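Small disclaimer: the values here were computed from a predicted structure and weren't measured. In what follows, chains carry the letters A, B, and so on, assigned in the order in which the sequence lines appear, proteins first and then strands, with residues in each chain numbered from 1.
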Amino acid sequence: MLQVQYIRDHKEEVIGKMTKRNLEVSEQIEKVLQLDEERRATQTQLDNVLAESNKLSKEIGMLFKSGKAQEANEVKKKTAGLKEESKELSEKLNAASTELTELLYTLPNVPHDSVPEGDSDEDNEVIFEEGEVPVLDKKALPHWELAKKYDIIDFDLGAKITGAGFPVYKGKGARLQRALIAYFLDKNTDAGYREYQVPHLVNEASGIGTGSLPDKEGQMYHVGLDDLYLIPTAEVPVTNFFRDELLSEGDLPQLCTAYTPCFRREAGSYGAHVRGLNRLHQFDKVEIVRVEHPENSYKALEGMVEHVKNILRELKLPYRILRLCGGDLTFASALTYDFEVYSTAQERWLEISSVSNFETFQANRMKLRFKDKEGKKQLAHTLNGSALALPRVLAGILENYQTPEGIVIPEVLRPYTGFDIID
RNA sequence: GGAGAAAUGGCAGAGUGGUCGAAUGCGGCAGUCUUGAAAACUGUUGAGGGUCACACCUCCGGGGGUUCGAAUCCCUCUUUCUCCGCCA
């Protein structure tokens, strides 16, 4: 959520930069400013009425104490009108505040200056590419065929017990999943991230904190009976550790990592590109989350990108990094780098990590602040990234490491898998 | 799931209708003393809104109510603790 104060001070800038998202927000911005004006004016009026009424109440108290009951009752009569007035004003105040907040919830984050123009994923800017694309022979199979061939992932079984998009991993496939999770967590903790295990359901306040709610797209599964949401990513519970917290400057940065399953309804996204592991309702992911001093957050973002690069180098997977264009940028993000691994058999790039700086967008929603050296309270910056999302990494390994003898396990994973080939 | 108790400032802990935003202790910060430190002493120390700055307003787990006036009374939700039941 953007800060009203910021909008007030940088109105033209906000409107201008939002055009990168192909949004024309000048009307909404005007409305925000108008509602804010109204809110503050009403607040002042209400404060005055309350001040008057507080004064009279004290008077009444003192009169009763000194036994002047009759005079006290006289004063009491004067409070009746004030009460009515304060009720009306506070209703008006509430209405303005609610409308303002709801409007602010609809405004996405302001894109960073480096975000390229563009409408869709086709306009994302490739900024880095590395790794050798293996030359596979004509018999090379896509991962869903390999999964079947070696009996390591069973999509039909998952569909039977739950539904489409909920695969069952079997035997060496399950073990490889576990190996990847352990390997990623080790890489992250070695880099200074603290490991957490977190609830997989969150309450509404947490969903709002990260910008996952209000959930217009119906992305999250909602457990109605208990009013809880299945997490779409560990970002939601982990970042909300810090909701309503006032940290001291020395507490920054906070580096967290957590493995969780992720649940996504993915309503409306069906088609050729969602075969196999390409898009699932439930998948595993190891996430990294950082809470940073605003002055350091972009340096931290670069650090996260380097960290993910290192992992992909170790896995020896061909990958590239994109800087997302304005049209493809997620709601809460100011700048996002996507990592894509090349799927040799499918001959397309698969997104395996998304690393973002949210600046104060989430922090403002969740009141995540720190006290700086001068003792002033500032919103912190939040960042997160996948390190990494499992299914497409798995797809990449299966496809890129396939040989006539079987699927060779990348060297760094062998200590975790305990085997070096799936055959 | 049933019965009961509780939730107050960074922490501990008073406060059961009226100058209570809240005693006291610890902690934090500043100072005195000291070569330095400790101890002792003195002062200071919650958050949000608002203002050029004051004033002023709001906040005692969340929400609602009673009252001229609520940390204090009532309703409700959440969480914690104790006992019983169930259970990986």
Side-chain angles (χ1 to χ4, degrees), chain A residues 1-9 32-104 197-209 213 222-229 237 240-252 254 261 291 360 363-380:
Chain A
M1 179 163 68
L2 301 175
Q3 293 165 267
V4 176
Q5 186 63 53
Y6 185 85
I7 296 177
R8 240 193 283 172
D9 297 341
V32 164
L33 295 177
Q34 183 214 317
L35 283 167
D36 178 54
E37 190 88 10
E38 189 182 322
R39 184 188 61 79
R40 280 180 298 144
T42 311
Q43 179 83 65
T44 307
Q45 286 176 47
L46 177 63
D47 284 358
N48 290 336
V49 172
L50 288 175
E52 180 65 19
S53 142
N54 285 345
K55 215 175 88 192
L56 291 178
S57 287
K58 276 180 188 164
E59 231 174 273
I60 291 167
M62 283 195 288
L63 287 171
F64 271 124
K65 246 183 192 166
S66 49
K68 298 172 184 163
Q70 205 170 349
E71 284 176 49
N73 283 321
E74 285 301 310
V75 181
K76 253 196 207 182
K77 286 179 193 151
K78 291 202 274 190
T79 63
L82 290 175
K83 225 182 161 185
E84 195 56 41
E85 215 177 319
S86 78
K87 202 179 153 196
E88 272 169 35
L89 284 168
S90 74
E91 269 164 20
K92 195 174 157 196
L93 178 65
N94 261 328
S97 308
T98 306
E99 199 183 339
L100 178 60
T101 308
E102 276 168 8
L103 184 55
L104 285 170
Q197 285 204 13
V198 299
H200 299 164
L201 288 101
V202 292
N203 57 30
E204 188 185 24
S206 295
I208 289 174
L213 288 174
H222 182 220
V223 181
L225 200 57
D226 299 287
D227 199 18
L228 294 171
Y229 296 83
N240 274 283
F241 288 169
F242 306 97
R243 171 154 48 84
D244 293 319
E245 292 296 324
L246 180 57
L247 304 172
S248 62
E249 189 162 339
D251 294 331
L252 298 175
Q254 289 282 331
V291 180
T360 59
N364 188 38
R365 283 185 164 222
M366 61 174 83
K367 299 267 170 298
L368 194 191
R369 295 162 306 155
F370 70 97
K371 220 173 225 175
D372 66 22
K373 287 191 192 78
E374 285 85 54
K376 286 178 90 179
K377 278 149 237 142
Q378 293 191 46
L379 292 171

Could you list the protein-to-nucleotides 16-19 of chain B atom pairs, N/O on both sides, closer than 3.5 Å?
unit_1 : atom_1 : unit_2 : atom_2 : d
G18(B) : N2     : S57(A) : O      : 2.8

As its Watson-Crick or G-U partner within any shown strand, both distances under 3.5 Å, U66(B) has none
By the Watson-Crick or G-U definition, both distances under 3.5 Å, C87(B) is matched with none
E245(A) CD to A47(B) C1', in whole Å, measures 13 Å
N48(A) side chain to Q45(A) backbone, donor-acceptor under 3.5 Å: no
**Item:** G61(B) and A53(B), which share atom name P, separated by this distance in whole Å
**Value:** 31 Å
Kindly list each side-chain donor-acceptor pair under 3.5 angstrom involving residues 49-61 of chain A, sequence neighbours excluded, with atom names and distances?
unit_1 : atom_1 : unit_2 : atom_2 : d
N54(A) : ND2    : L50(A) : O      : 3.4
S57(A) : OG     : S53(A) : O      : 3.2

Q. Taking the C1' atom of each, how far is A23(B) from G69(B), in whole Å?
A. 22 Å
Heavy-atom closest pair (V291(A) atom, A380(A) atom, distance to 0.1 Å) is CG1-CB, 3.7 Å
Check: Quantified in whole Å, what is the P atom distance between nucleotide U44(B) and nucleotide U24(B)?
Finding: 11 Å
Give me the distance, rounded to whole Å, that separates A3(B) from A88(B) when you measure between the P atoms they each carry.
25 Å
Evaluation steps, side chain to side chain contact (heavy atoms under 4.5 Å, CB included), between R39(A) and V4(A) | CA-CA 12 Å; R39(A) 184 188 61 79; V4(A) 176; 5.9 Å; no
Taking a pair to mean Watson-Crick or G-U wobble geometry with both distances below 3.5 Å, G9(B) pairs with none
* If the C1' atom of G64(B) is compared with that of U78(B), how far apart are they to the nearest Å? -> 15 Å
Donor-acceptor pairs under 3.5 Å, side chain of residues 87-104 of chain A to any protein atom, not counting sequence neighbours: which ones?
unit_1  : atom_1 : unit_2 : atom_2 : d
S90(A)  : OG     : S86(A) : O      : 3.3
S90(A)  : OG     : K87(A) : O      : 3.3
S97(A)  : OG     : L93(A) : O      : 2.8
T98(A)  : OG1    : N94(A) : O      : 2.7
T101(A) : OG1    : S97(A) : O      : 2.8

In whole angstroms, the gap separating C1' of U67(B) from CG of L82(A) amounts to 15 Å
Same-atom distance (C1') from C57(B) to U51(B), integer angstrom
12 Å
Applying the 3.5 Å cut-off to both distances, the Watson-Crick or G-U partner of U82(B) turns out to be A3(B)
Pairing partner of A53(B), by Watson-Crick or G-U wobble and under 3.5 Å for both distances, is none
Residues passing the salt bridge (Lys or Arg N to Asp or Glu O under 4.0 Å) test with R40(A), sequence neighbours excluded, are D36(A), E37(A)
Of S53(A) and N94(A), the one whose closest nucleotide on RNA chain B sits nearer the 5' end is N94(A)
Residue set satisfying side-chain hydrogen bond (donor to acceptor under 3.5 Å, both in side chains) with D244(A), at least two apart, ordered chain then number -> none
Taken in chain and number order and not counting sequence neighbours, the residues that satisfy salt bridge (Lys or Arg N to Asp or Glu O under 4.0 Å) with K77(A) are E74(A)
Inter-nucleotide C1' distance (A6(B), U72(B)), Å rounded: 15 Å
Salt bridge (Lys or Arg N to Asp or Glu O under 4.0 Å) filter on D47(A), not counting sequence neighbours, yields none
Residues L379(A) and F370(A): closest non-hydrogen pair is O-CE2, 3.7 Å
Here the distance between atom P of G69(B) and atom NZ of K87(A), to the nearest Å, is 13 Å
If pairing means Watson-Crick or G-U wobble with both distances under 3.5 Å, then the partner of U42(B) is A30(B)
Pairing partner of C60(B), by Watson-Crick or G-U wobble and under 3.5 Å for both distances, is none
Between A22(B) and A71(B), how far is it from one P atom to the other, in whole Å?
12 Å
When rounded to whole Å, the NZ to C1' distance for the pair K371(A) and C29(B) reads 11 Å
Which pairs of donor and acceptor atoms, one on a side chain in residues 222-229 of chain A, lie under 3.5 Å apart (sequence neighbours left out)?
unit_1  : atom_1 : unit_2  : atom_2 : d
H222(A) : NE2    : D227(A) : OD1    : 2.8

Rounded to whole Å, NZ of K376(A) lies from P of A47(B) at a distance of 14 Å
Protein-proximity profile, nucleotides 48-63 of chain B, B/S/- by nucleotide at the 4.0 Å heavy-atom cutoff, equals SBS-----SSS-----
pair_partner(C20(B)), Watson-Crick or wobble, both distances < 3.5 Å, evaluates to none
